[in-house]
Amino acid sequence: MEVADTGIGMDEETRKHIFEPFYSTKFVGRGLGLSVGLGIVKQHHGAMWVSSRPGRGTTVHVLLPCVQA
């Protein structure tokens with residue numbers, strides 16, 4: 001699954017920290033956001049990564065394994 005936007009994107013230094021608990025670029029409000037999301041994905045043996053470039057937007061990629069019934 002991929003979720004993308006066409007926003008301002010992130011520089012490399014910001015991108016390095018996005019999975020840290022309580023990290024935020026906003027003045028007000030700090031949460032667990034992507035760190036919790038990554039934890040959930042890992043518990044299901046999946047992977048999550050983010051690609052972003054300043055001025056080009058951001059894409060969050062999530063891979064989850066297939067399950068046989």
Side-chain angles (χ1 to χ4, degrees):
M1 174 176 71
E2 293 180 353
V3 178
D5 69 23
T6 56
I8 62 171
M10 291 180 271
D11 59 26
E12 184 63 23
E13 188 60 30
T14 300
R15 197 184 62 73
K16 287 180 185 178
H17 298 284
I18 61 173
F19 292 112
E20 295 175 7
F22 305 109
Y23 178 76
S24 178
T25 58
K26 304 205 182 320
F27 180 72
V28 177
R30 294 180 184 258
L32 296 172
L34 286 174
S35 66
V36 169
L38 178 60
I40 292 167
V41 168
K42 283 184 172 183
Q43 286 178 344
H44 289 86
H45 307 289
M48 178 188 284
W49 72 96
V50 173
S51 55
S52 184
R53 290 186 7 211
R56 303 293 295 245
T58 300
T59 302
V60 178
H61 310 266
V62 178
L63 291 177
L64 294 170
C66 293
V67 177
Q68 293 183 358

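Because only heavy atoms are used, hydrogens play no part in the values below, and waters and symmetry mates are left out as well, while side chains stay in.
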Practice prompt. Return the minimal non-hydrogen interatomic distance between Phe19 and Leu34, and the atom names on each side.
Written response: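 Answer, listing the atom of Phe19 first, then Leu34: CD2-O, 3.6 Å.
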Discussion item. Please give me the minimum heavy-atom distance between Val41 and Leu64, naming the atom from each residue.
Written reply: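 What the structure gives for the nearest pair is CG1-CD2, 4.1 Å.
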Could you tell me if the side chain of [Y] sits less than 4.5 Å from the side chain of [X], heavy atoms only?
| X | Y | value |
| --- | --- | --- |
| Val50 | Thr59 | no |
| Met48 | Val60 | yes |
| Asp11 | Arg15 | no |

Discussion item. Show every side-chain hydrogen bond (donor to acceptor under 3.5 Å, both in side chains) that has at least one partner inside residues 47-56, sequence neighbours left out.
Written reply: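 As it turns out, the side-chain hydrogen bond (donor to acceptor under 3.5 Å, both in side chains) pairs with a partner in residues 47-56, which skip direct neighbours, are Ser51-His61, Ser52-Thr58.
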Practice prompt. Linking directly or through intermediates, with side-chain heavy atoms under 4.5 Å: list the remaining ILVMFWY members grouped with Ile8, chain and number order.
Written response: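 Other cluster members: none.
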Worksheet item: Say you draw a straight line from CG of Leu32 to CD of Glu20; how long is it, rounded to the nearest 0.5 Å?
Response: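 If we round to the nearest 0.5 Å, Leu32:CG and Glu20:CD are 12.5 Å apart.
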Fill in: Nearest-0.5 Å distance, OH of residue Tyr23 to OG of residue Ser35
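If I round to the nearest 0.5 Å, the distance is 13.0 Å.
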Item to complete: Group every Ile, Leu, Val, Met, Phe, Trp and Tyr by side-chain heavy-atom contacts under 4.5 Å, then state whether Leu38 and Met1 land in the same group.
Response: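 Yes.
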Discussion item. Run the side chain to side chain contact (heavy atoms under 4.5 Å, CB included) test against His45 and tell me which residues pass, sequence neighbours left out.
Written reply: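 Counting only residues at least two positions away or on another chain, His45 forms a side chain to side chain contact (heavy atoms under 4.5 Å, CB included) with Pro65.
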